Peer 1: 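Following this message is one structure expressed as structure tokens.
Worth saying up front: this structure is predicted, and the values here are computed from it rather than measured. Throughout, protein chains are lettered first and strands after them, A, B, ... in sequence-line order, and every chain is numbered starting at 1.
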There are 2 protein chains.
Amino acid sequence: MHVDDLPIEQKIKYVQDTLFVISGKWKLPILIAISQGSNRFRDIQRQVLPITTRVLTKELRDLEQNKLVIRTVYDTSPVLVTYDVSAYCKSLKPLVDEMILWGKNHRKKLIE
Amino acid sequence: MHVDDLPIEQKIKYVQDTLFVISGKWKLPILIAISQGSNRFRDIQRQVLPITTRVLTKELRDLEQNKLVIRTVYDTSPVLVTYDVSAYCKSLKPLVDEMILWGKNHRKKLIE
DNA sequence: ATATCTGGTATTCTTTAGGTTACTGGCATC
DNA sequence: GATGCCAGTAACCTAAAGAATACCAGATAT
């Protein structure tokens with residue numbers, strides 16, 4: 001089934017679902033940072049500055065619930081925690097790439 | 001230049017720009033409604049219910065500033081106002097279609 | 001022994017998004 | 001002559017997002 005064939009209410013619903021998952025100031029920046037190799041809490045925080053620890057914690061929990069991020073706790077002392085993007089998270093790549101391209105172009109467009 | 005070649009800070013910046021334009025509860029639903037033929041203020045409001053007039057006004061102004069919507073006032077009495085999506089707005093279609101597809105699939109994913 | 005790293009939590013505060021309700025002034029309709 | 005449609009505006013309120021600051025305990029580095 002093609003996107004254009006969906007009834008308008010369905011389109012709106014699905015778009016709102018997607019927005020709910022990825023919107024907010026930090027979610028995509030965090031995913032980008034993790035997928036580029038920042039796997040530790042403090043690494044991510046440094047990459048996505050100036051996010052605070054409180055907000056980062058909350059965002060990571062949200063992403064985990066949406067099955068985009070996997071949190072692993074190693075039973076060492078002190079504990080080691082790693083964050084990784086899930087295989088499912090890769091399904092977001094076409095969307096994110098499209099957003100990067102669109103945002104890049106939009107800057108130019110607004111200056112016109 | 002390919003997306004993957006951009007430095008991470010640029011990716012993050014462009015993604016945030018895009019999010020800023022399209023996120024929020026109503027922006028995309030409004031664009032979808034207009035592009036499907038709701039061109040009058042009240043038509044849009046009825047299609048995107050339960051949005052209020054106050055919020056709809058604000059969202060339409062934002063969309064206009066981002067060159068996605070064109071507002072035309074006809075000098076009749078009483079005044080007639082129409083809203084149309086701009087040609088530029090069509091550049092959002094790949095992004096929105098991708099969001100529809102992803103949101104559709106994500107519902108299934110979360111039920112698993 | 002002092003400072004700094006780790007992965008966070010707790011408390012408080014401010015800002016923003018969005019909602020509620022009421023109202024306007026022309027015009028057409030019942 | 002009261003009601004309703006049109007395209008909004010105004011004043012106020014609530015809830016949620018996010019920011020600021022301080023703090024924790026166990027380990028490492030100086």
Peer 1: Tell me the interatomic distance from A/Q45, atom CD, to D/dG18, atom C1', rounded to whole angstroms.
Peer 2: 14 Å
Peer 1: In whole Å, what is the span from the CG atom of B/L60 to the P atom of D/dC6?
Peer 2: 16 Å
Peer 1: Just the rounded figure in Å: distance from C1' of D/dA16 to CZ of A/F20.
Peer 2: 11 Å
Peer 1: Could you give the CG-to-P distance, from A/L56 to C/dG7, as a whole number of Å?
Peer 2: 10 Å
Peer 1: Taking OP1 and OP2 of D/dA27, is either one under 4.0 Å from a side-chain nitrogen or oxygen of A/S77?
Peer 2: yes
Peer 1: Under 3.5 Å, side chain of A/S38 to main-chain N/O of A/I44, donor-acceptor pair present?
Peer 2: no
Peer 1: Atom CG of A/L80 and atom P of C/dC5: how far apart are they, to the nearest Å?
Peer 2: 17 Å
Peer 1: Is the phosphate of D/dA7 approached by B/R54 (side-chain N or O, under 4.0 Å from OP1 or OP2)?
Peer 2: no
Peer 1: Using only heavy-atom distances, decide whether a donor-acceptor pair under 3.5 angstrom links the side-chain of B/T53 to the base of D/dT9.
Peer 2: yes
Peer 1: One thing to verify: whether A/K27 and A/E59 come together as a salt bridge, which I'm taking to mean a side-chain N less than 4.0 angstrom from a carboxylate O.
Peer 2: yes
Peer 1: Please report, rounded to the nearest Å, how far the P atom of C/dA17 is from the CG atom of B/L19.
Peer 2: 14 Å
Peer 1: Please name the residue in the list B/Q10, B/Q16, B/K11 that meets the side chain to side chain donor-acceptor pair (under 3.5 Å) test with B/Y14.
Peer 2: B/Q10
Peer 1: If each of B/R71 and A/E59 is mapped to the nucleotide of DNA chain D with the nearest heavy atom, which maps nearer the 5' terminus, i.e. the 5' end?
Peer 2: B/R71
Peer 1: Between B/R61 and A/K58, who's closer to the 5' end of DNA chain D by nearest nucleotide?
Peer 2: B/R61
Peer 1: Has A/R40 got a side-chain N or O lying under 4.0 Å from the OP1 or OP2 atom of C/dG7?
Peer 2: yes
Peer 1: Is A/D17 paired with A/K13 through a side-chain N to carboxylate O contact shorter than 4.0 Å?
Peer 2: no
Peer 1: Mapping B/I51 and B/R42 to their closest nucleotides on DNA chain C, which lands nearer the 5' end?
Peer 2: B/I51
Peer 1: In whole Å, what is the span from the CD1 atom of B/I44 to the C1' atom of D/dC5?
Peer 2: 16 Å
Peer 1: Looking at the side chain of B/V55, which of D/dA7, C/dG18, C/dT9 is the nearest nucleotide?
Peer 2: C/dG18
Peer 1: What's A/Y74 touching, base or sugar-phosphate or nothing? Going by heavy atoms closer than 4.0 Å.
Peer 2: nothing
Peer 1: Could you state the NZ-P distance from B/K27 to C/dT16, rounded to the nearest angstrom?
Peer 2: 14 Å
Peer 1: Does B/K25 place a side-chain N or O at less than 4.0 Å from the phosphate oxygens OP1/OP2 of C/dG19?
Peer 2: yes
Peer 1: Can we call the ring centroids of A/H106 and B/F20 under 6.0 Å apart?
Peer 2: no
Peer 1: Side chain of B/W26 only, heavy atoms from C-beta on: which candidate in D/dG8, C/dG8, C/dG18 is closest?
Peer 2: C/dG18
Peer 1: Considering just the side-chain nitrogens and oxygens of B/R46, establish if one lies under 4.0 Å of OP1 or OP2 belonging to D/dC6.
Peer 2: yes
